[in-house]
Amino acid sequence: MLTPYYQYDLGILEDTLKAINRCTADRKDWHVHYAIKANANPMLLKLIRKHGLGIDCVSGGEIRVALENGFDASTIVFAGVGKAEWEIDLSLEAGIACFNVESEAELDVISERCALLNKRANIALRVNPDVDAHTHAGITTGTAENKFGIEIPMLMPIIQKAKADPHLSFVGLHFHIGSQILDTEPFIQLCKKVNHLQDQLEAQGITLKSINVGGGLGVDYDNPEENPIPDFESYFNIFRTCLKLREGQQLHFELGRSVVAQCGRLITKVLYVKQGTVKKFVIVDAGFTELIRPAFYGAHHKIVNMTSKGVLRRYDVVGPICESSDVFGKDELLNETSRGDIIAILTAGAYGETMASCYNCRSLPRSISGKF
Ligand SMILES: *Cc1c(COP(=O)(O)O)cnc(C)c1O
């Protein structure tokens, strides 16, 4: 296979999905939606659908892909701060489960489109809970200085408006505090905020049919071979013990990264080993066009030489793209590396292939399934 390409181990994905289902099997009132923006590869979607997850979308394109891959519209929820009219119309025609609405202005437009198309929309309001997930600034979403969601002081009049609108059914609240969260504390804080808010709303006569706590569970980028399955048990136990659900209330989760990150690797070939005055560079044929996370967020993925068994040496592993940020890792310990060696960049199943671009007129990466 011509490098670079993504390799997906569907066995790891299956084990991951089984782990999720083990933790949620006893809860008919819990619903897990896979955040399709993490990876929309049809091979993966097929398995995710087989294991009964719904879908969380953030664009009309994602809704189309979810429907094309056989997901039932009734399992699709739709978030995003900038829903275009065509995306709203597409969702109404398909009959998706719920719009996660991020502003009053958006609520007005959804109501307008419903009137025009003679449809009724289920509405959850996305609340900005002002919980700091303590992750990278680029992937924190739940703090006050953030474009996502509606701030709590502004919530009540918007709920009243949604409830009064004949085209809309207000079903509940939606939260999503960020991504790659490995600490339990932010999720506990989120539960406390939700409990408090729910008490306040009930005191004013507002009841919620559903609560959506979003996604954000992190994965082990440092030791992926030792920890291929995220700690779903601790994650779900937080919500089991800390969140006070009311009788009949439904709880929704939107997991992305934790579902697919560990089942994918980016496979690339060494084009050159270049000796500088102080550093050695391994120049590979993949760049940020295939995997942008290191350049974009300063993320680090474990890098392994699959060919060489030579002594360990330090290298900067870089791509061919004409940007200085096109670096996968600095001072990486790799087995002695030469031109032609195959390099694997691990834990690349989430926000890898879906974020690929054609910069420098490159082709989009291919993908295969294969056991690691
Ligand atoms: C991205 C996103 C998710 C998934 O986040 P992960 O960190 O990948 O689990 C869930 N909900 C919403 C609204 C999102 O935008």
Side-chain angles (χ1 to χ4, degrees), residues 13 16-17 19-20 23 31-41 44-45 48 53-63 66 75-83 87 91 96-103 106 123-129 131 133-143 146-150 172-183 186-187 190 194 210-221 229-232 235-236 238-239 251-264 292-293 296-297 299 347-355:
L13 178 57
T16 308
L17 293 163
I20 292 172
C23 296
H31 312 272
V32 181
H33 305 262
Y34 166 60
I36 193 171
K37 73 176 187 286
N39 194 320
N41 189 303
L44 276 53
L45 293 181
I48 291 167
L53 275 66
I55 292 282
D56 163 48
C57 293
V58 291
S59 76
E62 288 186 352
I63 291 170
T75 70
I76 298 177
V77 295
F78 182 17
V81 292
K83 299 181 186 75
E87 295 177 305
S91 309
I96 65 163
C98 190
F99 289 83
N100 293 328
V101 172
E102 308 228 8
S103 66
E106 181 194 330
I123 298 293
L125 295 177
R126 177 168 180 176
V127 177
N128 182 334
V131 169
H134 303 294
T135 56
H136 188 271
I139 51 175
T140 293
T141 58
T143 55
N146 195 288
K147 72 173 179 179
F148 294 104
I150 298 165
L173 299 179
H174 172 242
F175 305 83
H176 175 64
I177 56 174
S179 202
Q180 185 51 19
I181 302 166
L182 288 167
D183 191 7
F187 294 120
L190 173 62
V194 175
S210 76
I211 291 172
N212 184 331
V213 290
L217 176 62
V219 301
D220 191 342
Y221 282 96
I229 312 288
D231 187 1
F232 292 113
Y235 171 76
F236 284 114
I238 294 171
F239 295 96
L251 179 60
H252 297 260
F253 299 89
E254 301 168 335
L255 296 174
R257 184 190 312 274
S258 55
V259 182
V260 292
Q262 299 293 17
C263 77
I292 201 173
R293 299 187 67 259
F296 197 20
Y297 309 121
T347 321
Y351 306 106
E353 196 180 352
T354 42
M355 283 195 175

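Atoms within each ligand, like the ligands themselves, are counted from 1 in listed order. Quantities reported herein were computed from a predicted structural model and do not represent experimental measurements.
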Can you tell me how far the OG atom of Ser91 sits from the CD1 atom of Ile76, to the nearest 0.5 Å?
->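 Ser91 OG to Ile76 CD1: 8.0 Å, rounded to 0.5 Å.
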
Please round to the nearest 0.5 Å and tell me the distance separating atom CD1 of Ile55 and atom CD of Glu254.
->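 That separation rounds to 11.0 Å.
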
Measure across [X] and [Y] and return the closest heavy-atom pair with its distance rounded to 0.1 Å.
X      : Y      : answer
Gly218 : Gln180 : CA-OE1, 3.1 Å
Phe148 : Val81  : CD2-CG1, 3.8 Å
Ser59  : Glu62  : OG-N, 3.0 Å

Heavy atom of the protein closest to [atom] (residue, atom name, distance):
atom                    : value
atom 14 (C) of ligand 1 : Lys37 NZ, 2.8 Å
atom 7 (O) of ligand 1  : Ser179 OG, 2.3 Å
atom 8 (O) of ligand 1  : Tyr351 OH, 2.5 Å
atom 5 (O) of ligand 1  : His176 CE1, 3.4 Å
atom 4 (C) of ligand 1  : Ala35 CB, 3.4 Å

Kindly confirm or rule out an N or O of [X] lying under 3.5 angstrom from an N or O of ligand 1.
X      : value
Gln180 : no
Gly216 : yes
Ser258 : no

Heavy atom of His174 under 4.0 Å from ligand 1?
-> yes

Out of curiosity, is Phe148 lining ligand 1, as in a heavy atom under 4.0 Å away?
-> no

Under 4.0 Å to a heavy atom of Gly215 - the qualifying atoms of ligand 1, by number | 9 (O), 10 (C)

Taking only heavy atoms of Arg257 into account, list the atoms of ligand 1 that are under 4.0 Å away from them.
-> 6 (P), 8 (O), 9 (O)

Report yes or no: does [X] contribute a side-chain atom to a donor-acceptor pair with the main-chain N or O of [Y] at less than 3.5 Å?
X      : Y     : result
Glu87  : Val58 : no
Thr354 : Lys37 : yes
His33  : Thr75 : yes

Ligand 1 versus [X]: contacting region, heavy-atom distance under 4.0 Å:
X      : value
Ala38  : neither
Asp56  : side chain
Glu254 : both

Test of ring centre spacing under 6.0 Å for Phe296 and Tyr351 = no

Tell me whether the guanidinium CZ or amine NZ of Lys83 lies under 6.0 angstrom from the six-membered ring centre of Phe78 and within 45° of its axis.
->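 The answer is yes, since Lys83 meets both limits relative to Phe78.
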
